[in-house]
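When a residue number appears, it is its place in the shown sequence, counting from 1.
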Amino acid sequence: KDPARTVEQSAPLIVETTESQPIVQKAFRALGSHHLTSGFGVIFKEKDEGEYSKSYDAEGIDDFISHPWMSAWWKKGLSLCFIYNHSTALFAGHAVSLAMLVLGRLAKSNSLVSDQMVLLTVTWVPVLVFFTVLLFGQMFLSHLVCSTFLDKACINQETEEE
């Protein structure tokens, strides 16, 4: 006969109480969003036994990732790069554009560079910075990383108990 159990549910934890002692379990496992965007979403590509080990016990999650398995893995990855990095990429692109404009004008006024060089610098450097932050921002800007739930990484695929 099973001991009587009561379940209390609070925001971060599920607490089960048996007659002998309480059992405390984490309610969530989470995955850092940088795992979703690395390799442009390679985590969606195929089954990998090491995915569960990338997740961790968490008291909450920021995003729940739901996706159609039939769509291309790289489209999911690029979409998540846009979702997580676009505002920082826009800010970085604009900031670099203004900095390049000021530096270009100063260099031009001191006859250090030609007009064509200023134009190329002001045009292409901000574009390169924008796309670098958009595609790889999760890798080198840790403040962009948030906790996410992706079923194949946060639910142990090896055992049925979890």
Side-chain angles (χ1 to χ4, degrees), residues 10-13 25-159 162:
S10 62
L13 298 175
Q25 297 175 320
K26 291 287 185 182
F28 300 106
R29 285 194 62 87
L31 180 71
S33 57
H34 64 285
H35 291 294
L36 302 174
T37 59
S38 67
F40 305 113
V42 76
I43 194 169
F44 298 105
K45 189 174 183 179
E46 57 192 41
K47 184 176 168 101
D48 180 14
E49 279 71 26
E51 291 169 352
Y52 184 73
S53 65
K54 294 176 186 174
S55 65
Y56 55 90
D57 289 331
E59 293 185 7
I61 56 173
D62 297 320
D63 293 323
F64 180 88
I65 306 299
S66 178
H67 61 98
W69 286 100
M70 297 303 293
S71 62
W73 62 271
W74 59 271
K75 289 180 182 179
K76 297 173 198 176
L78 286 177
S79 297
L80 290 170
C81 285
F82 179 79
I83 289 168
Y84 289 126
N85 301 336
H86 76 279
S87 59
T88 304
L90 282 171
F91 176 79
H94 281 100
V96 168
S97 178
L98 289 173
M100 291 292 107
L101 185 61
V102 169
L103 290 174
R105 297 300 289 167
L106 288 174
K108 176 66 178 131
S109 67
N110 292 330
S111 300
L112 297 174
V113 294
S114 66
D115 285 336
Q116 291 82 14
M117 188 61 174
V118 171
L119 181 62
L120 286 172
T121 305
V122 169
T123 304
W124 289 105
V125 171
V127 170
L128 291 173
V129 168
F130 170 79
F131 281 108
T132 300
V133 174
L134 183 69
L135 299 176
F136 306 106
Q138 296 277 316
M139 298 301 159
F140 58 87
L141 298 172
S142 61
H143 72 279
L144 295 177
V145 177
C146 60
S147 62
T148 62
F149 180 89
L150 177 67
D151 57 353
K152 71 184 280 184
C154 295
I155 299 172
N156 193 345
Q157 305 296 313
E158 300 295 317
T159 63
E162 295 187 46

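Y84 and S33 get closest at one heavy-atom pair: CE1-CB, 3.8 Å. Scanning both residues, L134 and A89, for their nearest heavy atoms gives N-CB, 3.7 Å. Residues Y56 and S147 come closest through the heavy atom pair OH-CB, 3.3 Å. In terms of heavy-atom proximity, R29 sits nearest to I61 at O-CG2, 4.2 Å.
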Worked check of side-chain contact (heavy atoms from CB on, under 4.5 Å) between T37 and F136: CA-CA 8 Å; T37 59; F136 306 106; over 6 Å; no
Residue pair L150, F44: steps toward the side-chain contact (heavy atoms from CB on, under 4.5 Å) verdict: CA-CA 10 Å; L150 177 67; F44 298 105; 3.7 Å; yes
From CA spacing to verdict: side-chain contact (heavy atoms from CB on, under 4.5 Å), L31, I65: CA-CA 10 Å; L31 180 71; I65 306 299; over 6 Å; no
Verdict with reasoning, V122 to L103, per side-chain contact (heavy atoms from CB on, under 4.5 Å): CA-CA 9 Å; V122 169; L103 290 174; over 6 Å; no
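Residues M139 and S38 are in side-chain contact: their nearest non-hydrogen atoms beyond the backbone lie under 4.5 Å apart. For the pair L78/L135, a side-chain contact is recorded, criterion being any heavy-atom separation below 4.5 Å from C-beta on.
Taken from NE2 in H34 to CG in L80, the straight-line distance is 13.5 Å, to the nearest 0.5 Å. One finds the CH2 atom of W74 at 12.5 Å from the NZ atom of K45 (value rounded to the nearest 0.5 Å). The CG atom of L36 sits 8.0 Å away from the CD atom of Q138 when rounded to the nearest 0.5 Å.
No side-chain donor-acceptor contact under 3.5 Å links T88 to the backbone of N85. Not a single donor-acceptor pair under 3.5 Å links the side chain of S97 to the backbone N or O of G93.
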